[in-house]
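Take a look at the structure below.
Computed over heavy atoms, backbone and side chain alike; hydrogens, waters and symmetry mates excluded. Worth saying up front: this structure is predicted, and the values here are computed from it rather than measured.
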Amino acid sequence: DNYDCFHYTYNMNWLFAIIATIFCYVLFSYFGLRTGAAESFRGAVLAPFTNIIDFLLIIFGSCGFGVATYYALKSSAFAIPMIISIGLIVSFVFSVLFADGRITVGKIFGLTMILAGILLVK
């Protein structure tokens, strides 16, 4: 009975971590899409301070990353690499769907290696 409770909590921690990771990386990717055409480095750096939407994207994205880290660290010592790996996948999918990203053999191979790494760590 104790094992079932632990197993359920472990799975819920990962579920919350994955949902928070997807949330934060979608916000970060959208921020990058909004500020990617900045005229200068200075304009890109100041974007969160001059536009309330950009500011909120960074704040809520950072909060989502914190929540993802909290729940993932409750279940694994490899939480940060797993969160970043999931985030790379989310960013890739976001770029393909919304930013005219191209799917290439090299990118598919890279994603396959990331997924294999996640499975091996787990």
Flag side-chain contact, heavy atom, 4.5 Å: Val26 against Phe31: no
Are [X] and [Y] joined in one hydrophobic group, where the rule is that I, L, V, M, F, W and Y side chains link up if heavy atoms are under 4.5 Å apart?
X: Leu88; Y: Ile18; answer: yes
X: Ile80; Y: Ile89; answer: yes
X: Phe92; Y: Leu97; answer: yes
X: Ile52; Y: Ile59; answer: yes
X: Met113; Y: Met82; answer: no

Starting at [atom1] of [X], measure out to [atom2] of [Y] and round the result to the nearest 0.5 Å.
X: Tyr30; Y: Leu57; atom1: OH; atom2: CG; answer: 7.0 Å
X: Cys63; Y: Leu27; atom1: SG; atom2: CG; answer: 10.0 Å
X: Ile53; Y: Thr35; atom1: CD1; atom2: OG1; answer: 12.5 Å
X: Leu115; Y: Leu111; atom1: CG; atom2: CG; answer: 6.5 Å

Qualifying ring pair (Phe, Tyr, Trp, His ring centres under 6.0 Å) pairs with a residue from residues 50-76, counting only residues at least two apart or across chains: Phe16-Tyr71
Show me the donor-acceptor pairs within less than 3.5 Å that the side chains of residues 103-110 make with the rest of the protein, sequence neighbours left out.
from: Thr104; atom 1: OG1; to: Lys107; atom 2: N; distance (Å): 3.2
from: Lys107; atom 1: NZ; to: Arg102; atom 2: O; distance (Å): 2.9

Sequence neighbours excluded, every pair satisfying salt bridge (charged side-chain N to carboxylate O under 4.0 Å, His left out) that has a member inside residues 52-62: Arg34-Asp54
CZ/Phe23: more than 12 non-hydrogen atoms of other groups inside 6.0 Å: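 Yes.
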Contacts of type side chain to side chain contact (heavy atoms under 4.5 Å, CB included), residue Ala68, not counting sequence neighbours: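 So Ala68 forms a side chain to side chain contact (heavy atoms under 4.5 Å, CB included) with Ala20, Thr21, Ile83.
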Contacts of type ring pair (Phe, Tyr, Trp, His ring centres under 6.0 Å), residue Phe94, not counting sequence neighbours: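 Applying ring pair (Phe, Tyr, Trp, His ring centres under 6.0 Å) to Phe94 gives Phe98.
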Heavy-atom pair with the smallest gap, counting every atom of Ala72 and Trp14: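 Closest heavy-atom pair between Ala72 and Trp14: CB-CZ3, 3.7 Å.
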By side chain to side chain donor-acceptor pair (under 3.5 Å) - contacts of Ser29 (at least two apart): Ser91
Sequence-distant partners of Thr69, side chain to side chain donor-acceptor pair (under 3.5 Å), two or more places apart: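 Checked Thr69 against side chain to side chain donor-acceptor pair (under 3.5 Å); zero matches.
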